[in-house]
Amino acid sequence: MGLTPLEFSECYLDSPSFREKIKAQEAELDKTNRFIKELYKDGKNLINATKQLGMAQRKFAQCLGEFQFEYIGDAKTDDEKCIDESLQEFSMFLKNLEEQRELMMRNITETLMKPLEKFRKEQLGNVRAERKKYEKETEKYYSSLEKLLNLSAKKKEPQLQEADSQVELMRQHFQEESLEYVCKLQEIQERKKFECVEPMLAFFQTVFTFYHQGYELAKDFDHYKTELQINIQNTRSRFEGTRSEVHELMKRIKDTPQEYRQTSPISFEGYLYVQEKRPPPFGSSWVKRYCTFVKEQKILHMVTFDHRSGGKIGETESVTLKSCVRKTTDMLDRRFCLELDITDRPGTVLTVQALSEDDHKLWMHAMGGKEPIGCYLGRTLSKERGIDAQLDDVGLSFVKNSITAIETRGINDQGLYRVGGVSSKVQKLLSLMIDEKSNEVDLSASEDWDVKTITSALKLYLRSLPEPLMTYGLYKEFINPAKGGSPESRIQAIHHLVHKLPERNRLVLGLLMKHLANVAAHSKQNLMTVANLGVVFGPTLMRPQEETVAAIMDLKFQNIVVEILIEHHKKIFTDSPELSPLSPAGPVLSAPTRQSKKVSRQNRPLAVYNPQVLDIQNATGDGSALTADETSMGSNESVSSQSSSASTSELEKADHPLLTASLSSGCNSRTPQASFSASGASGDSLTAATTAGADKEKQEQSVTNRKAKAVYPCEAEHETELSFQVGAIFSHVTPSREPGWLEGELEGKRGLIPENYVEML
């Protein structure tokens, strides 16, 4: 289990467990800071002591291998797992390089040392400063609160009101500081992964540059390097989306903090000052305790906790409540007091003091006192959208109309679905289209509405539905497969869940996924890959009922679910779960895995990587930018069969042949899961392609000198393979010595073809 997410609502309770969570995150950042310091010191040794390079490399490798990133939430994405394991991969490589004494280490200061030190000083240093500020505000607020609560109730009302106002202002300032600090803590926990790993990739590029055999070693390591780049880019993209959602949630909580206070029909909790009587002549003292009242059992749990003593937690005491009576100032010279009659202590009355008048009323209500509740603090889940969007015939007509218009007029528009339209025009279009009298407007022929307005209106319609398209009830079930399991099990689980959706929801979702697959097929022009579309539509199609930081951390898994739906929409929406070839009983034919030239894990060289080469941006209309690497990289999460669409011409201009080669993903990395029922006539040929034993000789005769047609696109991973698009015609097709492969000619070049990527003509 990783670090527990810090909920913003807990900033208002400031419970002991909340402080323990903060301490755990602070300890993790301290560990990261020490790790970077150690790494920096070891890097200096590599620069200043070439003769001691072997020893320095072993120490450096050990430092990398022993460190592991912690994560927030209950699961990691595949990208995060690869990033976490990357340090161990780097460590293994460095141990292998220790023999190469001739290796010249240059430019380490620029490629590794400065970025890490900058991250440590600017990011981790900033968190440390915020930590001191937070501790100072804690001390200041609770000191003032105690002074206020010790103030005599007999003082003049203006004095009391002034004192209340001052403490209220300090409380608001303290809680705002707490919100900012919590947000910063979680942001840096997410940021550190790619901020630490990226300079290390750059460092290894420097190593290869000055290593005589570096080029050959790096070429063999291209596959891992490419995947790690995709992992980092996906993690960064999800981080940006998560950060914006967290900031939005924090802003809403700042505006209406009472609506987000954690209340429960089962229990109520918060701080109370408990009067502890002492033997004469010492009188009594008031001790601050964090109290939890369990309503059904009427048990009050009290734990001593002092923020100013380093956050020490004392022993827990539990009492059973018989009755609760408000204690007036005539009887006790303190405000906000309650008198509790304790069942398990006959004749004992416990006097407690709440923190404010509102808090006093809440405790009275929770404990069954006579004081009425002046306001309702339950959170209203319904949101005023101003648009009556429903999943009815009118809505279905709007979805179909929009999809037709987008595919007719703007399927190749750069940043499709990411570039937003003008808000007023989007609202006007959606209002017009969901009006039954005017929903028959033909958007595909109308010049009054541009494509980005239509895409924005479609997204707004889906977000404005009373319930997400993939429903609240199935949200957790859809998320769970994305958190683990094999690619095949993920597809199978999501396929089953889709068929549990209401019929209208499944129909609209199927139309949308078919459309998004078409958009992704034009990603070389519109720059919208499957991964990018997942980022856009993940939060639109599925969301939890309750908005919390923990829920926002699941955004990355929402994206993965949508990616799977896009890539496998034909199987998921066409077949029923009982007849699906994705089910365990149904046969699945996957593309052949070619045995490529690879070194062992211990001898595998590390990738050459320069993050600056990937910083190629295409400006969009609303001020946002799509980088070339962002648009080119699909996700490893959903077994992507979509080809990467990086602009090779731009990469060639950067004069980095190793990087350019690494960004081409081969046939093996994007294998389509073609089933026996995938494509009518091709099913027979696919079946024939897998026949073994006695049928092998007959099969070889049948394909000799024949033609074949590509049914899936493929990009060559090796020089001996052919790259091709869907519909390509191969001539002189013959069997290959490699199982699962054919040989054929395309545009005058002869090479290898994956057998189940084609159908024989």
Undergrad: Between His496 (side chain) and Gln492 (backbone), is there a donor-acceptor pair under 3.5 Å?
TA: no
Undergrad: Taking the side chain as every heavy atom from C-beta outward, state whether Gln558 and Pro544 have any atom pair closer than 4.5 Å.
TA: yes
Undergrad: Could you tell me whether a side-chain N or O of Ser397 sits under 3.5 Å from a main-chain N or O of Asp393, the two making a donor and an acceptor?
TA: no
Undergrad: Mind running side-chain contact (heavy atoms from CB on, under 4.5 Å) on Tyr757 and Phe724 for me, showing each step along the way?
TA: CA-CA 10 Å; Tyr757 274 58; Phe724 50 85; 4.1 Å; yes
Undergrad: How close do Lys425 and Trp449 get, counting heavy atoms only, and between which atoms?
TA: O-CZ3, 3.7 Å
Undergrad: Ignoring hydrogens, what is the shortest heavy-atom contact between Pro713 and Val726? Give both atom names and the distance.
TA: CD-CG2, 3.4 Å
Undergrad: Apply salt bridge (charged side-chain N to carboxylate O under 4.0 Å, His left out) to Lys452 and Asp413, showing your working.
TA: CA-CA 9 Å; Lys452 63 184 179 182; Asp413 288 4; over 6 Å; no
Undergrad: Run the ring-ring contact (aromatic ring centres under 6.0 Å, His included) check on His515 and Tyr417 step by step: do they pass?
TA: CA-CA 12 Å; His515 163 62; Tyr417 283 111; 5.7 Å; yes
Undergrad: Give the minimum heavy-atom separation between Gly484 and Arg490, together with the two atoms involved.
TA: O-NE, 3.4 Å
Undergrad: Please determine whether side-chain hydrogen bond (donor to acceptor under 3.5 Å, both in side chains) holds for the pair Ser237 and Gln233, giving the CA-CA distance in whole Å, both sets of side-chain angles, and the decisive distance to 0.1 Å.
TA: CA-CA 6 Å; Ser237 298; Gln233 183 58 45; 3.3 Å; yes
Undergrad: Okay, side chain of Glu467, backbone of Tyr472: is any donor-acceptor separation there less than 3.5 Å?
TA: yes
Undergrad: Would you sort out whether Glu85 and Lys76 count as a salt bridge (charged side-chain N to carboxylate O under 4.0 Å, His left out), showing the intermediate values?
TA: CA-CA 12 Å; Glu85 294 168 359; Lys76 292 184 284 189; over 6 Å; no
Undergrad: Looking at CG of Asn480 and OH of Tyr475, how far apart are the two atoms once the value is rounded to the nearest 0.5 Å?
TA: 10.0 Å
Undergrad: Which heavy-atom pair separates Ala493 from Pro481 by the least distance, and what is that distance?
TA: CB-CG, 3.7 Å
Undergrad: Run the numbers on Asp79 and Lys193 for salt bridge (charged side-chain N to carboxylate O under 4.0 Å, His left out), then give the verdict.
TA: CA-CA 11 Å; Asp79 291 316; Lys193 296 181 180 180; over 6 Å; no
Undergrad: Just one of Lys459, Met470, Arg463 clears the side-chain contact (heavy atoms from CB on, under 4.5 Å) bar with Leu541, so which one?
TA: Met470
Undergrad: CG/Asn559 to CG/Leu533 distance, rounded to the nearest 0.5 angstrom?
TA: 10.5 Å
Undergrad: Does any part of the side chain of Arg243, heavy atoms only, come nearer than 4.5 Å to the side chain of Glu190, both counted from C-beta?
TA: no
Undergrad: Do you know which two heavy atoms are closest between Val562 and Gly534, and how far apart they sit?
TA: CG1-CA, 4.1 Å
Undergrad: Atom CZ in Arg543, atom CG in Leu469: separation rounded to 0.5 Å?
TA: 10.0 Å
Undergrad: Compare all side-chain heavy atoms of Val535 with those of Met528 and state whether any distance is below 4.5 angstrom.
TA: no
Undergrad: Could you tell me whether the side chain of Ser489 and the main chain of Ser486 form a donor-acceptor pair under 3.5 Å?
TA: yes
Undergrad: Between Asn231 (side chain only) and Asp78 (backbone N and O only), is there a donor and an acceptor less than 3.5 Å apart?
TA: no
Undergrad: Are side-chain heavy atoms of Phe573 and Met513 found at a separation under 4.5 Å?
TA: yes
Undergrad: If you look at every heavy atom in Ala389 and Tyr461, which pair is closest and at what distance?
TA: CB-CD1, 3.8 Å
Undergrad: Less than 4.5 Å apart, any side-chain heavy atom of Ile479 and any of Ile560?
TA: no
Undergrad: Answer whether the closest heavy-atom distance between the side chains of Ile564 and Ile494 falls below 4.5 Å.
TA: yes
Undergrad: Yes or no on side-chain contact (heavy atoms from CB on, under 4.5 Å) for Lys707 and Val733, after CA distance, side-chain angles and deciding distance?
TA: CA-CA 6 Å; Lys707 292 185 178 181; Val733 179; 5.5 Å; no
Undergrad: Any donor-acceptor pair under 3.5 Å linking the side chain of His499 with the backbone of Ile572?
TA: yes
Undergrad: Is any side-chain heavy atom of Ile729 closer than 4.5 Å to a side-chain heavy atom of Leu761?
TA: yes
Undergrad: With a cut-off of 6.0 Å (strictly less than), are more than 12 heavy atoms of other residues, nucleotides or ligands near NZ of Lys483?
TA: yes
Undergrad: For the CD1 atom of Ile83 and the CD atom of Glu198, what is their distance to the nearest 0.5 Å?
TA: 9.5 Å
Undergrad: Does the pair Asn401 and Thr404 meet the rule for a side-chain hydrogen bond (donor to acceptor under 3.5 Å, both in side chains), with working shown?
TA: CA-CA 5 Å; Asn401 208 346; Thr404 301; 5.7 Å; no
Undergrad: Do Leu474 and Leu501 come within less than 4.5 Å of each other through their side chains, counting heavy atoms only?
TA: yes
Undergrad: Under 3.5 Å, side chain of Thr540 to main-chain N/O of Val536, donor-acceptor pair present?
TA: yes
Undergrad: Between Glu80 and Thr77, is there a donor-acceptor pair closer than 3.5 Å when you use the side chain of the first and the backbone of the second?
TA: yes
Undergrad: Hey, is the main chain of Gly395 close enough, under 3.5 Å, to the side chain of Asp392 for a donor-acceptor pair?
TA: yes
Undergrad: Can you check side-chain contact (heavy atoms from CB on, under 4.5 Å) on Leu512 and Val399, steps first, answer last?
TA: CA-CA 8 Å; Leu512 187 62; Val399 172; 5.5 Å; no
Undergrad: Is there a side-chain contact (heavy atoms from CB on, under 4.5 Å) between Tyr712 and Val758? Walk through the geometry before answering.
TA: CA-CA 7 Å; Tyr712 296 104; Val758 301; over 6 Å; no
Undergrad: Got a donor-acceptor contact below 3.5 angstrom from the Ser456 side chain to the Gly421 backbone?
TA: yes
